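Comments concern the structure below.
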Amino acid sequence: MFLAAVFRVLMLVCPLVLGACASIPLMTAMRLSTLQEKDVLQMDPADLRVRVALPRGNELDVAQTRLTLRIESDGQPTQRADMTLRLLARTDEVRSRGLFHADLPVTVHEMALAPGGAAQLRALQKKMLAMRGGKFVFGYYTRFDTPRPDMKEMPFWVDLKLRPGDAHLPLFDAATMKFK
């Protein structure tokens, strides 16, 4: 009886603990998984925002930074947009790295779709009209201008905002990139 109760508690607690340790927050994954076709079709490219936070002293190569959107639909080729971004602002903040780490001073890069990125999203939205349903996957990639030479690994944060009234959704939350 006692072992069964312990087992039930572990079955409830383990997913929560594992979800808390993941770089992609569980709530973000759940919210993005509920995106419907109409939500993507109604996105205004001018409203999308990407926010990237890096430890101070590391620079983002904005020209090489992309927000990606992939649409996978049964029986049809995958559609993908690699949307270019433009820098709106750079600010200094402090980010939490979790319960057992000290807060970290970071530089936050706030970006919007560049004209070419906005055109790619519009083109993808037009292709979606011919498709019926599908799975939507947002992604992000970048290069760094100047990683600090003393860095062996670097935590980073990437947040996505879909509409002006929405909160930023963390795509990567204190994820760690290792350098060789």
Side-chain angles (χ1 to χ4, degrees), residues 6 9-35 39-40 43-70 81-114 117-118 121 136-180:
V6 169
V9 169
L10 285 175
M11 292 301 290
L12 290 171
V13 170
C14 283
L16 295 174
V17 170
L18 291 174
C21 295
S23 292
I24 299 175
L26 185 58
M27 290 304 294
T28 298
M30 288 172 47
R31 183 155 177 219
L32 289 176
S33 72
T34 63
L35 272 181
D39 298 322
V40 177
M43 279 184 203
D44 184 348
D47 292 341
L48 285 176
R49 295 290 182 268
V50 177
R51 188 170 58 186
V52 179
L54 303 173
R56 285 190 201 148
N58 294 286
E59 287 301 319
L60 189 68
D61 184 349
V62 176
Q64 298 298 318
T65 301
R66 303 286 185 271
L67 175 66
T68 63
L69 177 57
R70 194 173 68 236
D82 290 332
M83 299 170 277
T84 55
L85 300 168
R86 62 185 171 85
L87 185 66
L88 297 175
R90 283 181 52 181
T91 57
D92 288 335
E93 294 179 8
V94 175
R95 288 275 177 125
S96 170
R97 292 186 60 197
L99 189 60
F100 301 109
H101 294 89
D103 288 350
L104 184 67
V106 297
T107 300
V108 177
H109 302 77
E110 182 81 26
M111 294 171 283
L113 292 181
L121 179 57
F136 310 103
V137 181
F138 277 99
Y140 165 84
Y141 67 88
T142 192
R143 291 188 184 160
F144 300 102
D145 271 345
T146 55
R148 285 192 343 227
D150 63 322
M151 300 286 290
K152 300 287 186 249
E153 62 181 40
M154 179 172 58
F156 66 97
W157 294 258
V158 179
D159 304 320
L160 175 65
K161 188 173 187 175
L162 300 175
R163 287 178 276 287
D166 291 352
H168 282 85
L169 298 169
L171 292 179
F172 296 97
D173 189 17
T176 302
M177 181 181 308
K178 296 186 186 270
F179 298 106
K180 294 183 180 184

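Source: prediction; values computed, not measured. Numbering starts at 1 and runs along the sequence shown.
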Would you list the atom pairs, donor with acceptor, under 3.5 Å between side chains in residues 153-160 and any protein atom, with sequence neighbours excluded?
residue : atom : partner : partner atom : Å
Glu153  : OE1  : Lys178  : NZ           : 3.1
Trp157  : NE1  : Asp173  : OD1          : 3.2
Asp159  : OD2  : Arg51   : NE           : 3.1
Asp159  : OD2  : Arg51   : NH2          : 3.1
Asp159  : OD2  : Arg95   : NH2          : 3.4

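- From Leu67, atom CG reaches atom OH of Tyr140 across 9.5 Å, with rounding to the nearest 0.5 Å.
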Practice item. Test side chain to side chain contact (heavy atoms under 4.5 Å, CB included) on Thr68 and Asp82 and set out the steps. Key: CA-CA 5 Å; Thr68 63; Asp82 290 332; 3.0 Å; yes
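- Note: Met111 CE to Thr142 OG1 = 7.0 Å, rounded to the nearest 0.5 Å.
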Check: residues 83-90 side-chain donor-acceptor pairs under 3.5 Å, at least two apart:
residue : atom : partner : partner atom : Å
Thr84   : OG1  : Gly117  : N            : 3.1
Arg86   : NE   : Leu113  : O            : 3.4
Arg90   : NH1  : Glu59   : OE1          : 3.2
Arg90   : NH2  : Glu59   : OE2          : 3.1

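- The nearest pair of heavy atoms linking Ala112 to Arg49 is CB-NH1, 3.4 Å.
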Exercise for review: Please report the C-alpha distance between His168 and Glu110 in whole Å, then the side-chain angles of each, then the deciding distance to 0.1 Å, and finally whether the side chain to side chain contact (heavy atoms under 4.5 Å, CB included) criterion is met.
Suggested key: CA-CA 11 Å; His168 282 85; Glu110 182 81 26; 3.6 Å; yes
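- Taking every heavy atom of both residues into account, Asn58 and Leu54 meet most closely at O-CD1, 4.1 Å.
- In this structure, Leu162 and Leu48 have side chains that are in contact, with non-hydrogen atoms separated by less than 4.5 Å.
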